[in-house]
Amino acid sequence: MTNESLYQEALSHFPGGVSSPVRAFKAVGGTPKFFAKAFGAWFVDEEDKQYLDLCMSWGPLILGHAHPDVLRAVQEAIQEGLTFGAPSRRELALARRIKLMCPFVEKMRFVSSGTEAVMSALRAARGFTKRERILKFEGCYHGHADAMLVKAGSGLATFGEPTSAGVPKAFADLTVVVSLDDFEGLEEAFSKFGPELAAAIIEPIPANNGLLVQDPAFLQRLRELCTEHGALLIFDEVISGFRVAPGGAAELFQITPDLVTYGKIIGGGMPVGMYGGRADVMSVISPDGPVYQAGTLSGNPVAMAAGLATLEHLTPEVYKRLDHCSRRWAQAFEAIPGLHAPHIGSLIWPLFQPGVRRADRVQSGAITQFNRLHKLLLDEGVYLPPSGYEVAFISIAHGEEELWNFEKAVEKVSAELATVV
Ligand SMILES: *Cc1c(COP(=O)(O)O)cnc(C)c1O
């Protein structure tokens, strides 16, 4: 089977031929590859072409593809059944490990995706505060819950506007949107809506619109304003959690949120999400409290096993090593003329433009150049995320051999990039 014939069939089954939109290569052009298998930092498509993976399933695979310990844990769990729909010891084991790494998580609930975690955390915050408005930041992605598919309306501190068809205007009205790195806008939003805000939600390391690392003072001020106004602070650490430190961005910046959401790494490649934090806030969740939230496959034993096996590998030394590696990979990226590669933890954002901290500062020319780079590297067997607004991910499987391969590919494409089309 060729990638192209599979894609043609996929188009008859799925919108855009895919199960999630960015996989469709619409941003970069061309058609998607279909993957057959993966190991370490590599994956192989249906035409038997092997790629160095710098997308890593968008984040969960911090140990690389098919890590033997994760596979072993999953195989052990599978022998005992796939789902019980009743409590099991593996949920407790993962919860214990999470509390060890993130001591501010007093109580938690497992769900099956990051979107679900965010959606549930927002409902918990609204139930706890008995308020309805939510504040979010432009350029932060929080999954596809209605309340989060909202951008700033025109004019200062107005109500949000839906960014997707199908999101009722009435829902968007309840979401206030502020720019990242905008101290003034933040103050203004709180002075206008503070007493009505159930929560402010932020990716403490925004990594879904490029990598927009914030001034820690901005996060600190957000923490203060939330406390002052009785709004909850939700850190959406679906990407940054268990990645930049054992306790994620909360530990790195020494800022404690009231609620936190995790996904991606926490499932080690299986569908898992989690929300949790203050015990008093979490006590509003059903059956303890009046906020309803449930899931047939929540706390799934096989997924719990994959998550636990992954988190057990993540020691402080691993984070040090990943930091060191990402510095070297960023340098390798920056061998490409005109390219800048801001990085943190195992996240690297290749951008043909220096120093961006706000979503609206990315220039379209930088994205056009990325699209060329994407295609050239793909031809050389290097798989970047298929959009210039996405960050590249490395893992502990991205070692010396992989870096050497990448540097060779970069050398080759740099010459071609220099020839103007
Ligand atoms: C990926 C992501 C989500 C959504 O998680 P899904 O598992 O794709 O639903 C939410 N928030 C952040 C910060 C993410 O990176």
Side-chain angles (χ1 to χ4, degrees), residues 18-24 55-62 102 108-125 134-151 163-164 167 175 177 180 199-214 219 222 233-244 248-250 252-253 257 259-277 293 295 297-300 303-304 306-307 310 344-349 359 385-387 389-393 395:
V18 289
S19 297
S20 190
V22 72
R23 296 179 195 173
C55 185
M56 297 308 284
S57 197
W58 307 93
L61 304 173
I62 194 163
C102 314
M108 67 193 93
R109 177 160 284 172
F110 291 116
V111 291
S112 299
S113 72
T115 295
E116 211 188 331
V118 167
M119 196 179 79
S120 311
L122 295 176
R123 188 179 305 137
I134 304 287
L135 185 146
K136 85 174 281 284
F137 295 87
E138 192 95 57
C140 285
Y141 177 70
H142 301 292
H144 63 88
D146 285 330
M148 297 289 95
L149 293 179
V150 174
K151 62 171 189 221
T163 54
S164 164
V167 175
T175 305
V177 185
L180 287 166
I201 183 167
I202 189 167
E203 285 182 82
I205 298 175
N208 276 291
N209 202 299
L211 184 62
L212 306 171
V213 178
Q214 297 295 292
L219 296 172
L222 175 63
L233 176 60
I234 304 174
F235 273 2
D236 182 355
E237 297 224 43
V238 170
I239 281 191
S240 56
F242 311 103
R243 184 181 307 282
V244 294
L252 191 71
F253 296 126
L259 289 177
V260 65
T261 55
Y262 297 121
K264 302 193 169 120
I265 290 176
I266 205 177
M270 299 287 283
V272 183
M274 188 221 92
Y275 66 104
Q293 188 273 310
L297 294 177
S298 294
N300 174 269
M304 297 289 105
T310 301
I344 186 166
S346 44
L347 308 171
I348 304 170
W349 186 27
S387 161
Y389 291 99
E390 302 289 351
V391 295
F393 293 86
S395 73

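In listed order, ligands and their atoms are each counted from 1.
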- Message: Between S387 and E390, is the side chain to side chain donor-acceptor pair (under 3.5 Å) condition met? List the steps.
- Response: CA-CA 6 Å; S387 161; E390 302 289 351; 4.7 Å; no
- Query: Would you say M148 and H144 make side-chain contact, with heavy atoms under 4.5 Å?
  - Reply: no
- Looking at D236, which atoms of ligand 1 are within less than 4.0 Å of one of its heavy atoms? 10 (C), 11 (N), 12 (C), 13 (C)
- Close side-chain approach of H142 to T261, heavy-atom, < 4.5 Å: no
- Query: Does some side-chain heavy atom of V22 sit less than 4.5 Å from a side-chain heavy atom of Y389?
  - Reply: no
- Query: Quick one: are M274 and R109 in side-chain contact, heavy atoms under 4.5 Å?
  - Reply: no
- Task: Taking only heavy atoms of H142 into account, list the atoms of ligand 1 that are under 4.0 Å away from them.
- Result: 10 (C), 11 (N)
- Item | Contact atoms of ligand 1, heavy-atom distance to E203 under 4.0 Å | 13 (C)
- Message: What I want to check is whether the side chains of Y275 and E116 have a donor and an acceptor closer together than 3.5 Å.
- Response: no
- Task: Do me a favour and list the nearest non-hydrogen protein atom to atom 7 (O) of ligand 1 with residue, atom name and distance?
- Result: G114 N, 2.9 Å
- For atom 1 (C) of ligand 1, the closest protein heavy atom turns out to be K264 NZ, 1.6 Å
- Part of E116 within contact of ligand 1 (heavy atoms, under 4.0 Å): neither
- Query: Hey, which atoms in ligand 1 end up nearer than 4.0 Å to a heavy atom of S113?
  - Reply: 7 (O), 9 (O)
- State, to 0.1 Å, how close C55 and F393 come at their nearest heavy-atom pair, and which atoms those are. O-CD1, 3.3 Å
- Message: Using a 4.0 Å cutoff against the non-hydrogen atoms of T115, which atoms of ligand 1 qualify?
- Response: 4 (C), 5 (O), 6 (P), 9 (O)
- Task: Between N208 and ligand 1, find which residue part has any heavy-atom pair under 4.0 Å and reply side chain, backbone, both or neither.
- Result: side chain
